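What follows is a single structure, written as structure tokens, with notes after it.
Predicted, not measured: the structure shown is a model, and the values here were computed from it. Chain naming here is simple, since letters A, B, ... match the order of the sequence lines and numbering starts at 1 in each.
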There are 2 protein chains.
Amino acid sequence: MIDDHRWMGAALALGDRGRGRTAPNPNVGCVIVSDGRVVGRGWTQPGGRPHAEAMALAEAGEKARGASVSVTLEPCAHVSPRGPACSDLLQLAGVARVVVALGDPDMRTNGAGIARLRDAGITVEVGVRADEARRAMAGFLARRLLARPQVTLKLALSLDGAMALASGQSVWITGPEARAHAHLERARHEAIVVGRGTFEADAPTLDVRLAGLEARSPRRLLLSRTEADGWTRLAAPADIATLDSVDHVLVEGGPAAAAAFLSADLVDRLLLYRAPILIGGGRTLPDIGLTDLADAHGRWCLIDSRSLGSDRLEVYERVREPAPGERG
Amino acid sequence: MIDDHRWMGAALALGDRGRGRTAPNPNVGCVIVSDGRVVGRGWTQPGGRPHAEAMALAEAGEKARGASVSVTLEPCAHVSPRGPACSDLLQLAGVARVVVALGDPDMRTNGAGIARLRDAGITVEVGVRADEARRAMAGFLARRLLARPQVTLKLALSLDGAMALASGQSVWITGPEARAHAHLERARHEAIVVGRGTFEADAPTLDVRLAGLEARSPRRLLLSRTEADGWTRLAAPADIATLDSVDHVLVEGGPAAAAAFLSADLVDRLLLYRAPILIGGGRTLPDIGLTDLADAHGRWCLIDSRSLGSDRLEVYERVREPAPGERG
């Protein structure tokens, strides 16, 4: 069990490499272990194929026979024009054991992958580090369960909640470490939204300014009543549901766009970059439709926090009732 | 050295018992250790006498002979009508060694206590856990070095910095654990300030509603242009310098009073109780005179954080240049 936990950690880390690049497929990670040594590693490739298992099996070759496989999502049971079913590939390779973090809610798999493996005499364990896998593939799951991408709202704030001075000055509230982290987050999303105010004021490029990740700059979305060249327009936050091959959306600014997504209850994850400064009288989050404090509670849960230079990053998740059909 | 560190920790914890009750004297703690066992414990008593050393020596009795004493502040060298000098008492008791966290900036002692002990052949170590001692006796030190009490500003905030809804509703932003902690903080201050708005809206009692600490409710100060029965009026934040026997002031609310103290740069310590909620369009910190973001940076340093139920407490300290004459 300790080994299962450890190898699933490696699979989760591999799967994270694909985050923001695999839509509409999930960003899965996979390791194959034989006699306590890794013989194959894989993660879903950009565009969604090959799958993580196929990649890891190709690396392992003959060493996959009798080996143990840790994979963050249930291996697929459906043959597609783009490749064979991973549950078939695993069986053909002769693996002895498959450890799965999370069942696949895709109706074409949805337990059938696990059943097929078990029918072939392969030992299958399900549910190892399921919560982390759910978090790692939140975009894919939001598509399946909520019929829209996962939405992350990024806010860079002073301790008193200001995103800018009253004058509009916001360069810089946070320091270089926090800003570099925010660029890394851009690379983990297929698309970024800004509102009209940020578009007019900053003409943002929204690119990833990190060495080696320049090519990972996401699609640019403008929440606005009017069009702009080179931008995809969203007339309303709910329009994110209509975007092709976008499973992760990052809402970057400004206050009005943040409030629009929060008012629509379309934010799943909050990234708060907090600088140890007080501004006073600054631009804070506008009205989001709250009329009673009691309704504000129980919606957000802190899942991660860390120091970034003198700033703090806090990550919150929206607490939601499990959707019908969701399972561990 | 490890033992010195450990025993000074015990002395600091004892000294903390007096915080908010010993002004104008410092809240000192003292342990006396003989053969690795504590034989005497003391802390400054309400009103400032007896001193911690006198109390610990009284408990130790004959066991103090040859013992080692850990005390958070340099033992006093001055005889007063209220008691003998502690450096004389330690010498008379025949202690072998005295470990001091912090030198006493009081001009009547200011190194003379340490010199007197050394002249008597007692080994003296100075500077063990000095930073913690400085923090523990910040009220006393602010009086000596800044000629005013230490000021703590308490803010209970949503993640977006709101202290209340636009309607004024602020009951409750934080949960019961955070509110109980805030009551404990009241007991650690000689006086609490509220502004006119909070006074009118809440008619606050500002008492300590914690079992066993009811008698520790602090003096009530009203920052206002007009008087109120049972309250001491402050015409301006700087008037805290004129208060007798008040070394720790807690500013509790509301936004205008917070901004008044921040604008005057009279806040030394921030207690941020943060609830995991978003309010949007709420009442946030008003203008504090900041016109350029660059001036906001480098003023506050996070020194402590913890969970209180689902809320987070963060404690920040104002970063100040050492005042002339301040020493470790």
Side-chain angles (χ1 to χ4, degrees), chain A residues 153 155 157-175 255 258-260 262-263 267 270 272 274-303 305 307 310-312 314 316-319, chain B residues 153 155 157-175 255 258-260 262-263 267 270 272 274-303 305 307 310-312 314 316-319:
Chain A
L153 171 62
L155 298 172
L157 300 171
S158 64
L159 298 179
D160 55 317
M163 306 182 205
L165 265 62
S167 65
Q169 187 192 13
S170 64
V171 174
W172 293 108
I173 286 178
T174 52
L262 287 166
S263 297
V267 178
L270 273 180
L272 295 190
R274 301 172 62 242
I277 64 172
L278 290 170
I279 287 180
R283 295 191 184 175
T284 53
L285 183 70
D287 184 42
I288 56 171
L290 183 77
T291 54
D292 189 333
L293 259 180
D295 298 331
H297 290 279
R299 296 167 83 90
W300 298 100
C301 179
L302 181 67
I303 59 159
S305 70
S307 291
S310 59
D311 304 321
R312 294 287 300 170
E314 290 180 343
Y316 291 84
E317 266 184 2
R318 179 75 170 88
V319 178
Chain B
L153 171 62
L155 298 172
L157 300 172
S158 64
L159 298 180
D160 56 316
M163 305 180 204
L165 263 62
S167 66
Q169 188 192 11
S170 64
V171 173
W172 292 108
I173 287 178
T174 52
L262 287 166
S263 298
V267 178
L270 273 180
L272 294 190
R274 300 175 61 242
I277 65 172
L278 291 170
I279 288 180
R283 295 191 183 175
T284 52
L285 183 69
D287 184 43
I288 57 170
L290 184 75
T291 53
D292 189 334
L293 258 180
D295 299 331
H297 290 280
R299 297 167 82 91
W300 298 98
C301 179
L302 181 67
I303 58 159
S305 70
S307 291
S310 59
D311 303 321
R312 294 287 299 171
E314 291 180 342
Y316 291 84
E317 265 185 3
R318 179 76 171 87
V319 178

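Heavy-atom distances place both the backbone and the side chain of A:A296 under 4.5 Å from chain B. If you measure heavy-atom distances from B:T291 to chain A, the contacts under 4.5 Å come from the backbone alone. When heavy atoms are compared at a cutoff of 4.5 Å, B:T284 approaches chain A solely by way of its side chain, counted from C-beta outward. If you measure heavy-atom distances from A:L262 to chain B, the contacts under 4.5 Å come from the side chain alone. Looking at A:L270, only its side chain comes within 4.5 Å of chain B, counting heavy atoms on both sides. Residue A:S307: no heavy atom, backbone or side chain, is found under 4.5 Å from chain B.
Under the rule for a side-chain contact (heavy atoms from CB on, under 4.5 Å), the partners of A:L157 that lie at least two apart in sequence or sit in another chain are A:L155, A:M163, A:L272. By the side-chain contact (heavy atoms from CB on, under 4.5 Å) test, A:R283 is found to be paired with A:A164, residues two or more places apart in sequence or in another chain being considered.
By the 4.5 Å heavy-atom criterion applied to side chains, B:W300 and A:I277 are not counted as neighbours.
Put simply, of B:D287, B:L293, B:L278, B:D292, the one with the most heavy-atom pairs under 4.5 Å next to chain A is B:L293. Chain B forms the most heavy-atom pairs under 4.5 Å with one residue out of A:G298, A:G280, A:G281, and that residue is A:G280. Per-residue heavy-atom pair counts under 4.5 Å with chain A were compared for B:P286, B:S158, B:S310, and the maximum is reached by B:P286.
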Run B:L165 and A:L290 through side-chain contact (heavy atoms from CB on, under 4.5 Å) and show every step you take. CA-CA 8 Å; B:L165 263 62; A:L290 183 77; 4.1 Å; yes
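The structure places CZ of B:R312 at 7.5 Å from CZ of A:R312, a figure rounded to the nearest 0.5 Å. In this structure, CD1 in A:I288 is found 6.5 Å from CG in B:D160, a value given to the nearest 0.5 Å.
Nearest heavy atom pair, residue B:E314 against residue A:L159, reads OE1-CD2, 4.5 Å.
One N or O on the side chain of A:H297 and one on the backbone of B:W172 form a donor-acceptor pair closer than 3.5 Å.
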